[in-house]
Amino acid sequence: MKPANEHHDRGPRQPKWRRYLRMIRLDPVADLDDELRDHLQSTVDALIAGGMTPADARAEALRRFGDVGRVREEVQRLDQRHLAHTNRLSAVETFIYDLRHAARGLRKDPAFALVAAISIGLGVAANTTVFSVVNAVLLRPIPGAHAPRLARVYVNHHSPFDWHDLQWFRDRTTSLEFLIGERHNAMSFRASGTGEPERIHASYVTRGYFPALGARVALGRTFDVDEAGGRNADAVGVLSYSFWQRRFAGDSSVIGRRVLLGGYPITIVGVAASDFRSSVMMWTPDVIVPFAIAPQITGRKLDDFGGSFYATARLRPSVSRDAAESELRGLMAQLAPTDKQRYEGMTVRLDDIRGVNAELRGGVTAASAFMMAMVAMVLLIACANVANLLLGRAAARRTEIGVRMAIGAGRNRLVRQLLTEALLLAAIGSALGFAAAWALTRVIPAAVPAEAGLDSAFFLPDARVLLFTGVLCIVTTLLFGTVPAMS
């Protein structure tokens, strides 16, 4: 009786002349089958020579060899993995060679390289600068806030809270883990009793500010002071990272130092992390202090403070935004009867933590789309100019290309080489454009009056903008490199 898998291993023998066709076109599967068949046959021949019958010899050979189908699959898997690895190495080596060849070509023609790179750089700079602004006002969440489930809270569409109303909602809500407020003030600051005062931007923040945002510190600690402490509340403050660097040159001994804020002594207990700005968009206060010490600094009671508290909420893990907003509307309905004249028609709502509030987002989105379309046209014009330059350069390189084709270079190989040259140009231009965009986004806040309190780093490119620039690099390569390469 023949073994069950004998027919699977022997298979129909191919004529020997077919093996010579593999010199023209490889057939790894057939080669493997031939190798397995030859191995089995040599074992059978050895066993027959030792005195076994052909049938017993084949059965013994199959027993020694094991599951031929499994061996074939394993060998094929290893071959495929080796082939894939070899192809990757070959592709990388070819790309490096093409890149070096392209760099040598550009070095021989520096005028062309400079004009092409500047043209692409201008287009990329315009697009990256506009996208940096769009990213900041529409896409970026609170910088340096690491807590999840954050939302902005507004009354009457996008207005800030009155302090008394914020306190009232905070004490009664069950769907919000935190409800915090931040208010900005310009104050005098002196690092010592004898130093010269300077005007800085400060923020009063309510209880739970740092825990709610998940904000971190670069040095020292944060604070969480309850407003109920009144005049006995700890007079402490946290410096922003940029102010610490600018005013104290990054001196770590600033922790524990007494400074004068608004003429009142406070103790510096921490320095905010470099990525943290504020809970309010576009704002970076120099010093953050608890609202509980406002009476000590200003001489006014907390009850005398009115509005301008921009509120941020942190939802509880099991509560949806709709449910939280519904609860806030219910609380507003409870508050309204206490002062009908004041609260008549007042609304409260939650909004996305990213970018501007919902009421402004429509207009800002439309303006952003228009600006992006305009700068995209600038990039298209730049790509068209560079494509024309490449076409002219290709005409001058006909002899070089003809020689390469004569010695065996295929059309696909030449296209790949020319596209690599286009990619190198696009990469140089994109790097120049990104650097120019970074400089421009530093200039924009400087043009705004200092009283506005605009963060100087608000529009700076981040990882999202860097990714956008990388995509532009690839797009420009295809736009200005494909036509000359295929022509």
Side-chain angles (χ1 to χ4, degrees), residues 129-161 166 178-186 200-206 208-210 212-216 238 240-243 272-288 291 307-315 321 348-369 371 440-465:
T129 301
V130 173
F131 183 75
S132 295
V133 176
V134 172
N135 175 56
V137 299
L138 288 178
L139 305 177
R140 185 184 293 162
I142 295 175
H146 300 281
R149 301 178 62 76
L150 295 175
R152 301 196 188 277
V153 191
Y154 294 107
V155 292
N156 292 343
H157 302 296
H158 65 277
S159 299
F161 270 79
L166 178 66
F178 292 96
L179 178 59
I180 60 169
E182 182 172 359
R183 172 175 175 157
H184 306 141
N185 285 86
I200 67 165
H201 299 287
S203 278
Y204 288 123
V205 298
T206 61
Y209 179 81
F210 288 103
L213 299 177
R216 300 166 183 171
V238 170
S240 72
Y241 188 88
S242 58
F243 184 67
S274 59
D275 62 346
F276 181 72
R277 301 288 184 268
S278 166
S279 66
V280 183
M281 193 176 70
M282 300 188 186
W283 184 271
T284 299
D286 298 313
V287 182
I288 302 172
F291 181 53
S308 300
F309 278 89
Y310 289 89
T312 304
R314 180 171 165 183
L315 280 65
R321 180 178 294 185
V348 60
R349 65 180 184 83
L350 296 179
D351 196 8
D352 199 313
I353 202 67
R354 295 177 181 271
V356 297
N357 61 72
E359 187 173 70
L360 300 176
R361 190 170 292 122
V364 172
T365 301
S368 300
M371 290 300 299
L440 286 171
T441 52
R442 295 286 295 185
V443 171
I444 295 173
V448 178
E451 292 74 17
L454 179 62
D455 176 15
S456 62
F458 181 70
F459 295 114
L460 281 183
D462 57 11
R464 189 183 290 111
V465 178

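Values reported hereafter were calculated over all heavy atoms of this structure, with side chains retained and with hydrogens, waters and symmetry mates removed.
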- Message: Holding to side-chain hydrogen bond (donor to acceptor under 3.5 Å, both in side chains), I want the full list of residues that pass it with Ser279, two or more places apart in sequence or in another chain.
- Response: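 side-chain hydrogen bond (donor to acceptor under 3.5 Å, both in side chains) check on Ser279 returns Glu182.
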Check whether [X] reaches the backbone of [Y] with its side chain - one donor and one acceptor, N or O, closer than 3.5 Å.
{"X": "Arg361", "Y": "Val356", "answer": "yes"}
{"X": "Asp286", "Y": "His201", "answer": "yes"}
{"X": "Ser278", "Y": "Val280", "answer": "yes"}
{"X": "Arg354", "Y": "Arg140", "answer": "no"}
{"X": "Arg464", "Y": "Pro461", "answer": "no"}

Please find the pair of heavy atoms, one from [X] and one from [Y], that lie closest to each other, and give the distance.
{"X": "Trp283", "Y": "Ala202", "result": "CZ2-O, 4.5 Å"}
{"X": "Arg314", "Y": "Ala147", "result": "NH1-CB, 3.7 Å"}
{"X": "Arg152", "Y": "Ile353", "result": "NH2-O, 3.3 Å"}
{"X": "Pro445", "Y": "Arg442", "result": "CD-O, 3.5 Å"}
{"X": "Leu150", "Y": "Ala212", "result": "CD2-O, 3.5 Å"}
{"X": "Ala273", "Y": "Tyr241", "result": "O-CB, 3.9 Å"}

- Message: Go through it in stages, so that I can follow the logic: the residues are Ile288 and Phe276, the test is side chain to side chain contact (heavy atoms under 4.5 Å, CB included), and I'd like the CA-CA distance, side-chain angles, deciding distance and then a yes or no.
- Response: CA-CA 12 Å; Ile288 302 172; Phe276 181 72; 4.0 Å; yes
- Task: Can you measure from CD1 (Ile180) to OG1 (Thr206) and round to the nearest 0.5 angstrom?
- Result: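 If I round to the nearest 0.5 Å, the distance is 6.0 Å.
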- Item | Between CD1 on residue Ile142 and CG on residue Asp275, distance to nearest 0.5 Å |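 That separation rounds to 12.0 Å.
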- Query: Any side-chain heavy atom of Phe459 within less than 4.5 Å of one from Val465?
  - Reply: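 No, side chains not in contact.
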- Derivation of the side chain to side chain contact (heavy atoms under 4.5 Å, CB included) call for Thr284 and Phe243: CA-CA 9 Å; Thr284 299; Phe243 184 67; over 6 Å; no
- Query: Which class fits the ring pair Phe291 and Tyr204: parallel under 30°, tilted 30 to 60°, perpendicular over 60°?
  - Reply: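 Ring orientation of Phe291 relative to Tyr204: perpendicular.
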- Task: Name all residues meeting the side-chain contact (heavy atoms from CB on, under 4.5 Å) criterion together with Arg321; count only those two or more places apart in sequence or in a different chain, and write none if there are none.
- Result: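 Arg321 satisfies side-chain contact (heavy atoms from CB on, under 4.5 Å) with Ala151, Leu315, Leu350, Asp352 only.
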- Only counting residues at least two apart or in another chain, list the ones meeting side-chain contact (heavy atoms from CB on, under 4.5 Å) with Pro160.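 Residues passing side-chain contact (heavy atoms from CB on, under 4.5 Å) with Pro160: Tyr310.
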